[in-house]
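Notes follow the structure.
Any value given below was found using the heavy atoms of this structure, including those in side chains, with hydrogens, waters and symmetry copies removed. Whatever order the structure lists ligands and atoms in, that order sets their numbers, starting from 1. In this text, all values refer to a predicted model and were calculated from it rather than measured experimentally.
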Amino acid sequence: MTVLTPDSAIRAAGDYKTATKNFWHPMSPSKQDPSQETLIVVSGEGNYVTDADGNRLLDGVGGLWNVNVGHNRAEVKDAIKAQLDQLAYYQSFDGVAHPRVYDLADRLVGMLAQEDAHRVLFGSNGSDAVETALKLSRQYWIAAGEPGRVRFLSLRNSYHGMHIGGTSVGGNAVYHYNHGPLLPGVELLDSPFLYRNPWNTEDPAELTDHLIRQLEERIEFLGGQTIAAFIAEPVQGAGGVIVPPEDYWPRVREVLDRHGILMISDEVVTGFGRTGNMLGSRGWGVKPDIMAFAKGISAGYIPLAATVFNRRVADAIENGPGFSNVIMHGYTYSGHPTAAAAALAVLDIVERDDLPGNAGLVGAVLQDELQALESHRYVGETRGKGLMAAIDLVADKGTRESVDPSSGIAHRIAAAAREEGVVVRPAGTKIILSPPLTLEADEAREMVRALDAALSRVD
Ligand code: PMP
């Protein structure tokens with residue numbers, strides 16, 4: 001067996017670019033175009049990654065919206081190593097636990113006191129966090145004596161992970177085509193999308209009025225007593241970084257409260273600072289009943305998810321009659337000690353270095369600079385909040401019709417940006433940016449310069 005030292009790994013890495021692979025890339029054609037070179041990332045340091053050819057690239061994707069503290073942080077690696085030296089893994093089912101998992105639950109409940117957080121269930125990824133939220137919201141209603149509340153409301157353009165529940169409440173049909181039948185009882189509503197909405201309004205207050213009317217009508221038609229929860233991302237991420245109008249979330253929360261419907265906030269991308277607030281929902285001053293976290297909680301160092309329940313939900317379940325107070329849900333990794341140790345170290349950095357604050361400040365520079373790209377032929381709109389942004393690519397600026405996703409324009413722009421030294425993510429008809437929250441203002445400007453050059457080439 002050949003042992004790869006770091007040096008030989010870098011030299012050998014070039015071979016991976018075109019080598020025959022047994023690996024199916026997720027979210028990709030099952031047969032890869034053999035002429036297309038793969039970006040092989042071999043190392044990372046701070047806000048940069050290095051590819052197989054030794055190119056140092058600014059990481060505009062932050063891994064995949066998750067490496068919020070930057071790459072190769074000594075504090076996180078040390079915490080992981082210390083935990084591995086003690087105990088890599090043990091379970092946490094009925095009557096068994098280990099210190100780090102209790103520490104992390106306490107830490108989260110403390111950080112989320114403002115949301116009246118009360119209990120935490122862990123998992124490994126965002127899809128787990130969402131599945132747990134959906135299932136436990138139904139359990140809440142069984143415990144609360146209204147077992148008829150089983151439906152979910154969700155939004156078009158939403159992304160809630162790839163388990164069958166999250167796929168079913170997801171608002172993008174491409175994830176539905178190959179995997180039906182999906183969960184019944186899911187009702188999709190229009191998303192708070194100013195750039196493209198069925199009413200063709202560009203007035204944020206008017207858009208909210210339309211959306212609230214639609215929400216009220218749908219609840220009235222279905223019967224509030226049949227609806228368990230409304231699930232949404234505070235800012236829609238994968239759907240194209242869609243930032244709702246200022247009054248959207250408070251008005252939605254008011255309607256949900258009037259009908260007793262739970263609010264599940266999918267904070268998988270927005271949690272722990274990305275939008276410039278510790279939580280995405282705090283940017284609108286609303287308090288969810290259930291919060292789903294992953295990604296930024298452990299910044300990609302070890303997979304981890306947490307679903308956090310407020311006192312209303314936790315108390316009802318703990319005091320529910322009969323079997324309704326038993327948590328008959330959980331995973332082998334519902335509290336992985338090494339992942340919990342990583343998360344504690346990550347959250348130390350997030351709080352100590354005020355990464356939400358940095359995301360707000362540097363994000364403002366990024367969003368401002370991005371606007372200048374709207375002069376390019378294919379750029380319909382740039383939008384975002386904090387350190388999450390999208391460039392919406394259009395075939396026609398007047399009608400706002402998207403570019404043909406099969407045209408490969410987004411991939412061509414991303415490839416050109418890479419030649420300019422920046423990794424960005426092509427996603428259908430958009431370019432998505434989600435750099436580490438440690439990004440500096442000059443690096444934000446550099447990202448936009450690279451995109452400007454890349455767009456000029458593709459124009
Ligand atoms: N929810 C949201 C809002 C997400 O963006 C994602 C992943 N991008 C998920 C859930 C699913 O997370 P994972 O891929 O870790 O399962």
Side-chain angles (χ1 to χ4, degrees), residues 24-28 61-68 121-135 137 152 154-172 174-176 179 183 186 188 191-193 229-244 249 263-275 277 279-281 283 288 290-308 331-334 336 339 342-343 346 384-390 425-428 430 432-435 437:
W24 253 346
H25 289 257
M27 303 291 186
S28 310
V61 192
L64 193 56
W65 325 80
N66 59 340
V67 185
N68 292 2
L121 255 175
F122 292 111
S124 300
N125 52 59
S127 304
D128 284 358
V130 166
E131 213 72 2
T132 297
L134 296 173
K135 287 177 69 179
S137 70
F152 297 111
S154 64
L155 298 178
R156 290 183 199 285
N157 300 313
S158 63
Y159 185 88
H160 296 295
M162 291 289 97
H163 294 347
I164 202 75
T167 300
S168 304
V169 295
N172 185 342
V174 297
Y175 302 110
H176 295 180
H179 308 292
L183 201 64
V186 174
L188 282 180
S191 68
F193 192 11
F230 180 109
I231 179 167
E233 302 147 271
V235 174
Q236 294 188 315
V241 189
I242 296 168
V243 186
W249 280 119
M263 175 179 168
I264 301 174
S265 187
D266 182 344
E267 300 267 0
V268 167
V269 164
T270 53
F272 308 110
R274 182 153 295 283
T275 62
N277 290 90
L279 301 192
S281 48
I290 303 177
M291 290 153 274
F293 298 103
K295 296 196 189 264
I297 192 172
S298 57
Y301 281 77
I302 308 269
L304 180 82
T307 306
V308 180
Y331 313 105
T332 301
Y333 302 129
S334 283
H336 194 296
V346 164
K385 184 169 166 63
L387 285 174
M388 59 194 291
R425 180 162 162 239
K430 279 132 203 133
I432 305 271
L433 303 175
S434 54
L437 307 187

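When each atom of ligand 1 is checked for a heavy atom of Val268 under 4.0 Å away, the hits are 1 (N), 2 (C), 4 (C), 6 (C), 9 (C), 10 (C). Each of the atoms 3 (C) of ligand 1 lies under 4.0 Å from some heavy atom of Glu233. Under a 4.0 Å criterion applied to the non-hydrogen atoms of Gly126, ligand 1 contributes the atoms 11 (C), 12 (O), 13 (P), 15 (O), 16 (O). Less than 4.0 angstrom separates some heavy atom of Ser127 from each of these atoms of ligand 1: 11 (C), 12 (O), 13 (P), 16 (O).
Ile231 places a side-chain heavy atom less than 4.5 Å from the side chain of Leu134. At least one side-chain heavy atom of Val308 sits less than 4.5 Å from a side-chain heavy atom of Phe293. Between Trp249 and Ser281 the shortest side-chain heavy-atom distance does not fall below 4.5 Å.
The distance criterion of under 3.5 Å between nitrogen or oxygen atoms is not met by Val269 with respect to ligand 1. Looking at Asp128 next to ligand 1, no N or O pair under 3.5 Å apart turns up. Between Lys295 and ligand 1, a contact under 3.5 Å exists for at least one N or O pair. Any N or O atom pair closer than 3.5 Å counts here, and Asp266 shares at least one such pair with ligand 1.
Here the CD1-OG distance, from Ile264 to Ser137, works out to 4.0 Å after rounding to the nearest 0.5 Å. Here the straight-line distance linking atom CG of Leu304 with atom CG of Asp128 works out to 10.0 Å at 0.5 Å rounding.
Of all heavy-atom pairs between Gly237 and Ile432, the closest is O-CD1, 4.2 Å.
Counting heavy atoms under 4.0 Å from ligand 1, residue His160 touches it through the backbone alone. Within the 4.0 Å heavy-atom criterion, neither part of Ala294 lies near ligand 1.
In this structure, the protein non-hydrogen atom closest to atom 4 (C) of ligand 1 is Tyr159 CD2, 3.6 Å.
Ligand 1 is never approached by Gln236 to a heavy-atom distance shorter than 4.0 Å.
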How far apart are the C-alpha atoms of Glu233 and Thr270, what are their side-chain angles, what is the distance that settles it, and do they pass the side-chain hydrogen bond (donor to acceptor under 3.5 Å, both in side chains) test? CA-CA 8 Å; Glu233 302 147 271; Thr270 53; over 6 Å; no

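Shown are His163, Glu131, Met162; of these, the side chain to side chain contact (heavy atoms under 4.5 Å, CB included) with Asn125 is made only by His163.
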